[in-house]
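Below is one structure, written out as structure tokens; the observations come after it.
The shown structure was predicted, so the numbers you read here are calculated from the model rather than taken from an experiment.
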Amino acid sequence: MIAAAMPAPSRPAALQAVKGMNDLLPPESARWEWFEAKVRALMQRYGYANIRTPIVEPTALFVRGLGEVTDIVEKEMYSFEDSMNGDKLTLRPEATAGIVRAAIEHNALYNGPLRVWSHVALFRHERPQKGRYRQFHQIDVEALGHAGPDVDAEQILMCRALLRDLGLAEGRDVRLEINCLGQADERLAHRAALIAHFERHAAVLDEDARRRLHTNPLRILDTKNPALQAMVEAAPRLIDFLGAASLAHFDGVRAVLDAAGLPYRVNPRLVRGLDYYNLTVFEWITDHLGSQGTVCGGGRYDTLVEQLGGKPAPAVGWGMGIERMMLLLDATKIAAEGPAPDVYAVVPGPDALAAAMNTCEALRAAGLSVQMHAAGAAGWGSVKSQFKRADASGARHALIFGADELARGEVAVKPLRDAGAAQRNLPLAAVADWAASLRNA
């Protein structure tokens, strides 16, 4: 009897990333590295230290810190129960609450105020769209323990410095809007006036506005519904309810911005999306990204530390969305490329491999960035094809380990970015002596 042939095993279906959570591959990842290097340099100039907190936090942290009737807590958090102990946990939807929790837990304000920054991944369960994803990334900056308007203004100017470092210009590419939310008692008086105003126009309120009417009426001012704009514009303004201390704080912020020559617009409808803000709030906005126009925003949150169980301490901070910044750099045609290698090693074949590898290692030890050509499944490829790869890498020099050069104990160095510079041969036995010439050329 002839045995039946076994069917060929089927290939398993390819898996894909979760919708709204994106992979980041080269060369795009190099643009992010370029951006991150600008951020690190800026934070060092301003004296902010790096802080890193867990991606997962207790759900209660965000419910208590952000407000139960915010969109984030009501609709957007990735929350689950720990199967081991039943703890209610959440993937962090924003960074500030976790940083404040860490400062309280580790008594980080014991020796005085704290200035920190973080590069964080955040998670919100919402409909993915361009510039708005379920996993997104943000630069977060916080100053804890500082009460004065000087730090508010400094952080706004810090944002301007970063935007300028990236090649963006205020007025042309981005613009600044600011507002003052006052203190709790002032907002309560304004809240009562708002509710009365909205109740008089109940017939035009949409579902979201009706839901927020008695829980968070301030957020109705932030509606994007065109049908509500006229009613919102006619609503009582918070600034008319502010006392002398709140107005003095706002005037202090504005005085510094005016002295620094930074244009801004006072937007009385700017409220931000989280309950913990008071006094100064601000946003950097662009017209290049349509409805996702806010690229950076923040403000003061003087009650959050106490709200989360710490001793009362003032604080102010901001966050900048990296995905949106990348879109803005694209829209404004700003090149945002990662660093290119100093050297690309052209290796004609296996006979040159040992010399090439030793030379590359010596150059790396001397501080140079070196990319060495590697053999593929089809072999080493022609020297011509390797030169194309060398040029595409952005390297400033190509090292050619040809048979004739190796026979003389040399390597050929060809400049790739200076058409007028001549190719030269250098001794393999003295790499350390000429390595610096490649780095500085």
Tell me whether the count of non-hydrogen atoms from other residues, nucleotides or ligands lying under 6.0 Å of CZ in R200 goes above 12. yes
Point to revise | Expected output: side-chain S393 to main-chain A390 donor-acceptor under 3.5 Å | key: yes
With a 4.5 Å cut-off on side-chain heavy atoms, are V73 and M77 touching? yes
Requested in this report: Output yes when a side-chain donor or acceptor of Q183 lies under 3.5 Å from a complementary backbone atom of N278, and no otherwise.
Outcome: no
**Prompt:** Short question: side chain of E94, backbone of T96 - any donor-acceptor pair under 3.5 Å?
**Reply:** yes
- [ ] Starting from the C-alpha separation in whole Å, work towards a yes-or-no answer on side-chain contact (heavy atoms from CB on, under 4.5 Å) for L238 and L221.
- [x] CA-CA 11 Å; L238 175 57; L221 300 177; over 6 Å; no
To the nearest 0.5 Å, atom CD1 of I334 lies from atom CG of L168 at 4.0 Å
List the steps, then state whether side chain to side chain donor-acceptor pair (under 3.5 Å) holds for Y301 with E142. CA-CA 10 Å; Y301 52 96; E142 311 292 352; 2.5 Å; yes
Closest non-hydrogen contact found for V347 with M372 is CG2-CG, 3.9 Å
Heavy-atom nearest pair, A315 first then D302, reads N-OD1, 3.1 Å
To the nearest 0.5 Å, atom OG1 of T215 lies from atom CD1 of I220 at 8.0 Å
Next on the checklist: Between R132 and R127, is the side-chain contact (heavy atoms from CB on, under 4.5 Å) condition met? List the steps.
Outcome noted: CA-CA 8 Å; R132 197 175 186 94; R127 184 173 63 84; over 6 Å; no
Handout entry: Check: Y276 and V100 side chains under 4.5 Å, non-hydrogen atoms
Key = no
Check: L329 and M326 side chains under 4.5 Å, non-hydrogen atoms = yes
| query | Is the NZ atom of K75 crowded by more than 12 outside heavy atoms at less than 6.0 Å? | reply | yes
Separation between CD (E57) and CZ (R101), nearest 0.5 Å, reads 4.0 Å
State, with a plain yes or no, whether a side-chain heavy atom of R31 is found less than 4.5 Å away from one of D330.
-> yes
Are the side chains of W284 and L328 in touch, meaning some heavy atoms are under 4.5 Å apart?
no
Salt bridge check, R92 against D140: does any charged N sit closer than 4.0 Å to a carboxylate O?
no
Problem - Neighbour count above 12 (heavy atom, 6.0 Å) for R389 CZ - result: no
Result for side chain to side chain contact (heavy atoms under 4.5 Å, CB included) between F282 and one of D152, L176, N179 points to L176
Distance-only donor-acceptor hits, side chain of residues 13-25, under 3.5 Å, sequence neighbours excluded:
none

Of all heavy-atom pairs linking R300 and P314, the shortest is NH1-CB, 3.6 Å
_Around atom CZ of R364, are there more than 12 heavy atoms from other residues, nucleotides or ligands closer than 6.0 Å?_
yes
Are any of the side-chain heavy atoms of W318 and E283 separated by less than 4.5 Å? no
message: Between N267 (side chain only) and I178 (backbone N and O only), is there a donor and an acceptor less than 3.5 Å apart?
response: no
On a heavy-atom basis, the closest approach of Y277 and G299 is CE2-N, 3.5 Å
### Message
Test your reading of the model: is there a side-chain donor-acceptor pair from T286 to the backbone of G293, 3.5 Å cut-off?
### Response
no
When every non-hydrogen atom of A235 is compared with those of L194, the smallest separation belongs to CB-CD2, 3.8 Å
For H190 and P236, indicate whether the former's side chain and the latter's backbone hold a donor-acceptor pair under 3.5 Å.
yes
Check your understanding: Is there a side-chain contact between I285 and V295, using heavy atoms and a 4.5 Å cut-off?
Key -> no
Is the count of non-hydrogen atoms from other residues, nucleotides or ligands lying under 6.0 Å from R52 atom CZ greater than 12? no
TODO: Assess whether atom CD of Q44 is packed by more than 12 heavy atoms of other residues, nucleotides or ligands within 6.0 Å.
DONE: no
query: Just by distance, do the side chain of R324 and the backbone of K130 share a donor-acceptor pair under 3.5 Å?
result: no
The reported gap from CZ in R265 to CZ in R175 (rounded to nearest 0.5 angstrom) is 7.0 Å
Does any part of the side chain of E33, heavy atoms only, come nearer than 4.5 Å to the side chain of E36, both counted from C-beta? yes
Exercise for the section: Step by step, work out the side-chain contact (heavy atoms from CB on, under 4.5 Å) result for L89 and Y78. Expected result: CA-CA 9 Å; L89 305 175; Y78 281 94; over 6 Å; no
Considering only NZ, NE, NH1 and NH2 on the basic side and carboxylate oxygens on the acidic side, decide whether K388 and D391 come within less than 4.0 Å. no
d(L109 CG, I104 CD1) to nearest 0.5 Å is 8.5 Å
Would you confirm whether D342, through its side chain, and S369, through its main-chain N or O, come within 3.5 Å as a donor-acceptor pair? yes
Check: Are the side chain of T223 and the backbone N or O of N225 linked by a donor-acceptor pair below 3.5 Å?
Finding: yes
Between the NZ atom in K38 and the CG atom in L166, the distance rounded to the nearest 0.5 Å is 7.0 Å
Margin query: I'd like to know whether M320 forms a side-chain contact (heavy atoms from CB on, under 4.5 Å) with L163, so could you lay out the CA-CA distance, the side-chain angles of the two residues, the decisive distance to 0.1 Å, and finally the verdict.
Written below: CA-CA 10 Å; M320 176 179 286; L163 293 166; 4.1 Å; yes
In terms of ring plane angle, is the pair Y344 and H373 parallel, tilted or perpendicular, where the classes change at 30° and 60°?
tilted
Of all heavy-atom pairs linking I99 and S118, the shortest is CD1-CB, 4.3 Å
Exercise for review: Assess the side chains of R115 and Y46: does a donor N or O sit below 3.5 Å from an acceptor N or O?
Suggested key: no
Next on the checklist: Main chain of P93, side chain of R124: is a donor-acceptor contact present, judged purely on distance under 3.5 Å?
Outcome noted: yes
